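In what follows, residues are counted from 1 in the order of the sequence shown. This is a predicted model, so every value here is computed, not measured. Because only heavy atoms are used, hydrogens play no part in the values below, and waters and symmetry mates are left out as well, while side chains stay in.
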Amino acid sequence: MKRSQNDTFDFLAAEFQDGHERAFDYIFRKYYKALCAQANLYVKDLDKAQSLVQDCFVKLWENREKAGDIKNLPSYLSFMVRNQCLDYIRKSKSIKNLHDKVKNEDPEASTLDSMISNEFEEKIVVILASLPERSRIAFEYSRFEDLTYKEIAEKMNISTKAVEALISRALKTFREALKEYLPFFILLLKIIHL
């Protein structure tokens, strides 16, 4: 009798949870390349992307006793990698460079920027994590991979209208959650474009 995908995953999770390296090795081989490609979309540096993905696998191994709680391994790993990349980006010099640019444009704006930007970045991560999975995936395909609605529909095996609805829902969530930041960004755009 052939094992179902859920049975295979349950067996793999149990083996992994018990510390069997072959289960970890299987997971690593199966998902590593795709996760590196995903990370590279965020950080635009393959070496750094590989390093970030490896860090995620180290965390996965260190927390293997919780493997039984994972319901969808590919989504779980994708979520781990995305968060790792966003943490890296937030801490990287590219954010500092943006602050420097704003500071050079108008010294008064830099104080406001410093106070709000860290809080804003954290809020973005929280909002992304709180989106329903299909809405989050469609949004990420659109914003991080620059796919068209038609391409997203094909990848997700849904209609273009469904993609529009999912992304619209995500954008509505972002607008509602970030409305307190809107005046800051209007001011920032005015300063940069003056």
Side-chain angles (χ1 to χ4, degrees), residues 31 34-45 49 52-53 56 59 66 69-92 94-99 101-102 105-106 108-194:
Y31 298 109
L35 292 170
C36 286
Q38 176 191 352
N40 195 38
L41 291 170
Y42 287 95
V43 298
K44 311 287 190 246
D45 176 343
L52 291 168
V53 171
C56 288
K59 286 180 187 173
K66 298 177 185 169
D69 298 337
I70 300 171
K71 301 296 180 224
N72 184 330
L73 184 60
S75 292
Y76 181 83
L77 290 170
S78 177
F79 184 74
M80 276 183 79
V81 168
R82 189 191 75 221
N83 285 346
Q84 189 82 358
C85 291
L86 291 175
D87 286 344
Y88 167 76
I89 290 168
R90 190 175 42 227
K91 294 172 187 171
S92 73
S94 62
I95 299 297
K96 184 184 180 302
N97 291 340
L98 176 61
H99 292 273
K101 180 180 179 186
V102 172
E105 294 290 339
D106 184 349
E108 292 176 17
S110 67
T111 305
L112 183 60
D113 178 47
S114 301
M115 292 183 332
I116 296 176
S117 64
N118 287 342
E119 181 183 336
F120 180 75
E121 290 163 18
E122 289 172 12
K123 192 134 185 157
I124 293 285
V125 171
V126 169
I127 295 166
L128 273 171
S130 73
L131 290 173
E133 183 178 2
R134 288 166 47 92
S135 208
R136 176 186 54 77
I137 291 169
F139 182 82
E140 287 177 348
Y141 279 146
S142 172
R143 296 312 191 261
F144 301 139
E145 296 184 28
D146 293 324
L147 297 181
T148 65
Y149 284 8
K150 184 179 178 189
E151 291 168 330
I152 297 168
E154 289 170 5
K155 272 188 164 253
M156 295 182 72
N157 200 23
I158 58 177
S159 71
T160 306
K161 286 285 184 194
V163 172
E164 288 176 22
L166 290 171
I167 292 176
S168 175
R169 193 173 310 141
L171 290 172
K172 182 179 178 190
T173 302
F174 273 100
R175 274 194 300 273
E176 289 172 0
L178 299 175
K179 63 185 170 196
E180 65 195 75
Y181 295 93
L182 188 58
F184 164 71
F185 283 99
I186 290 172
L187 173 65
L188 186 59
L189 288 173
K190 284 180 183 175
I191 291 166
I192 290 172
H193 291 99
L194 279 179

J.: Donor-acceptor pairs are to be reported for all side-chain atoms of residues 76-83 against protein atoms at under 3.5 Å, with residues two or more places apart or in another chain.
T.:
{"unit_1": "Ser78", "atom_1": "OG", "unit_2": "Gln38", "atom_2": "OE1", "d": "3.2"}
{"unit_1": "Ser78", "atom_1": "OG", "unit_2": "Gln38", "atom_2": "NE2", "d": "3.1"}
{"unit_1": "Arg82", "atom_1": "NE", "unit_2": "Glu140", "atom_2": "OE2", "d": "3.3"}
{"unit_1": "Arg82", "atom_1": "NH1", "unit_2": "Glu140", "atom_2": "OE2", "d": "2.6"}

J.: Excluding sequence neighbours, so at least two apart, what forms ring-ring contact (aromatic ring centres under 6.0 Å, His included) with Tyr42?
T.: Phe144

J.: For Glu133, give me all partners under side-chain hydrogen bond (donor to acceptor under 3.5 Å, both in side chains), at least two apart in sequence or on another chain.
T.: Ser75

J.: Donor-acceptor pairs under 3.5 angstrom involving side-chain atoms of residues 152-161: please list them, not counting sequence neighbours.
T.:
{"unit_1": "Ser159", "atom_1": "OG", "unit_2": "Ala162", "atom_2": "N", "d": "3.0"}

J.: Return the set of residues passing side-chain hydrogen bond (donor to acceptor under 3.5 Å, both in side chains) with Asp87 (not counting sequence neighbours), or none when no residue passes.
T.: Arg90

J.: Quick check against the 3.5 Å criterion: does Asn40 have a side-chain atom that pairs as donor or acceptor with the backbone of Asp45?
T.: yes

J.: Measuring from Tyr31:OH to Leu73:CG, what's the distance to the nearest 0.5 Å?
T.: 5.0 Å

J.: If I take atom OG from residue Ser142 and atom CG from residue Leu166, how far apart are they, to the nearest 0.5 angstrom?
T.: 11.0 Å

J.: Provide the closest heavy-atom pair for Leu171 versus Phe139 in the form atom of the first, atom of the second, distance.
T.: CD2-CE1, 3.7 Å

J.: Calculate, to the nearest 0.5 Å, the distance between atoms CD1 and CD1 belonging to Ile137 and Ile167 respectively.
T.: 12.0 Å

J.: The criterion is side-chain hydrogen bond (donor to acceptor under 3.5 Å, both in side chains); which residues satisfy it with Lys44, sequence neighbours excluded?
T.: none

J.: Specify the closest pair of heavy atoms between Leu52 and Cys85, including all atoms of both residues, with the distance to one decimal.
T.: CD1-SG, 4.0 Å

J.: Could I get the full list of side-chain hydrogen bond (donor to acceptor under 3.5 Å, both in side chains) partners for Thr173, not counting sequence neighbours?
T.: none

J.: Kindly compute the distance separating SG (Cys56) from CD (Gln84), expressed to the nearest 0.5 Å.
T.: 4.5 Å

